[in-house]
Amino acid sequence: MDQAHPGEAAGLPPGEPPAVPPGRASGLAAARLLGPADVRRIADRLGIRPAKRLGQNFVIEAGTIRRIVALADLRPDDVVLEVGPGLGSLTLGLLDAARRVVAVEVDAVLAGALPATVAERAPALAGRLEVVTADALTMPAPPGPVPTALVANLPYNVAVPVLLHLLDAMPSIGRALVMVQAEVADRMCAPPGSRTYGVPSVKLAWYGSARRAGTVSRTVFWPVPNVDSALVAFTRWPAGGAPGDAPAGQPRPGRAAVFAVIDAAFAQRRKTLRSALASWAGSAQAAERALKDAGVDPSLRGEAIGVAQYIRIAGAAGQARTIIES
């Protein structure tokens, strides 16, 4: 008899890890996850109707929550940052698996209701929750223990800016698992030279490596979105930053300098790097000189090179400006 995969009983695709054992972090009683009727009941009580402008699509299927928590591979001592907890579907699953969950919610009504939901559905875990009413697009690092992981169903209209901001504002975040629109996931994980490679791909690669970790059916959301969803797993680079260095003898450029090159290269992505970077460098000749100093062919387009080459270009240009100014 063939041995069944552990996740098959829960409806997980073959090869997916099984759900995290409830209360793994300390053996406390498991949270009672929300189902479709629970989600609608809480929303009705609060007078909530999902707002499209806030990207609110609430997960109503407990099996999907278990799958996300399993794929996040949380450790018992993790402090998890969750963005957009909404009615608490994912929050309850995360509380089972981590030491602490910092839930960041921009909607004051939802933020105010979340502790009561957790107290009702997971009273033994309620002490692990901290709710912060803030806009994740601009918030600083929260007070208290620093977040070590990010797990979130990100608002689809601002998913990439939110992720990039949080990775910059909270360098303690070493891992992430985020749910985003499928097309955005493709762009976040795309390698150089691919059709979907662009600014999100390169800027995320500055912080770490990203890969697609699975798809999510539209039917697990309320309301049902008109786009497909996907999970993206992220791991931050070790101390020292993205792979790739400035040319020999030159200081490694910072994020702002590298991102300026990336933005310029993709602002006119059909042009060669020599032409696309002309305004950024001051002239086409200066751009060509920086590219050659960085060991990059000026006739290439921006989508042909990776973050390591962008670091070298920024470093070469910085060195040239230092010489001119000295």
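Throughout, numbering of the chain's residues begins at 1 and tracks the sequence. Here the structure is a predicted model, which is why all the values come from computation and not from measurement. When reading the values below, keep in mind they use all heavy atoms of this one structure, side chains included, and skip hydrogens, waters and symmetry mates.
By the side chain to side chain contact (heavy atoms under 4.5 Å, CB included) test, V158 pairs with P155, V162, sequence neighbours left out. The side chain to side chain contact (heavy atoms under 4.5 Å, CB included) check on P145 picks up V79, R99, R100, with sequence neighbours excluded. Applying the side chain to side chain donor-acceptor pair (under 3.5 Å) criterion to R41, with sequence neighbours excluded, gives no partner residue. The salt bridge (Lys or Arg N to Asp or Glu O under 4.0 Å) test applied to D135 returns no partner, not counting sequence neighbours. Annotation: side chain to side chain contact (heavy atoms under 4.5 Å, CB included) contacts of R187 (sequence neighbours excluded): E183, V184, T196. Listed by chain and number, the residues in a side chain to side chain donor-acceptor pair (under 3.5 Å) with E82 are T91 (sequence neighbours excluded). V109 is linked by a side chain to side chain contact (heavy atoms under 4.5 Å, CB included) to L46, I48, D107, counting only residues two or more places apart in sequence or in another chain. Residues meeting the side chain to side chain donor-acceptor pair (under 3.5 Å) test with E288, sequence neighbours left out: R274, K292. Residues meeting the side chain to side chain donor-acceptor pair (under 3.5 Å) test with T138, sequence neighbours left out: none. Scored by the salt bridge (Lys or Arg N to Asp or Glu O under 4.0 Å) test, R40 finds no partners at all (sequence neighbours excluded).
Using modelled atom types, one finds a donor on one side chain and an acceptor on the other under 3.5 Å when comparing T64 with E61.
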Residues I173, R236; criterion side-chain contact (heavy atoms from CB on, under 4.5 Å); working and verdict | CA-CA 8 Å; I173 295 176; R236 190 185 288 268; 4.3 Å; yes

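Aromatic ring orientation, Y156 versus F221: perpendicular (interplanar angle above 60°, classes split at 30° and 60°).
At a threshold of 4.0 Å, the pair D44-R49 counts as salt-bridged, since one of the basic side-chain nitrogens sits closer than that to a carboxylate oxygen. A salt bridge links R121 and D38; the closest N-O separation between the charged side-chain nitrogens and carboxylate oxygens is under 4.0 Å.
Nearest heavy atom pair, residue A190 against residue S201, reads O-CB, 3.7 Å.
Evaluation of the salt bridge (charged side-chain N to carboxylate O under 4.0 Å, His left out) test over residues 208-217, restricted to residues two or more places apart or in two chains, returns D186-R212. Residues in residues 219-234 take part in these salt bridge (charged side-chain N to carboxylate O under 4.0 Å, His left out) pairs, two or more places apart or across chains: R218-D228.
Note that R269 lies outside the cation-pi zone of F266, set by a 6.0 Å cut-off to the ring centre and a 45° limit from the axis.
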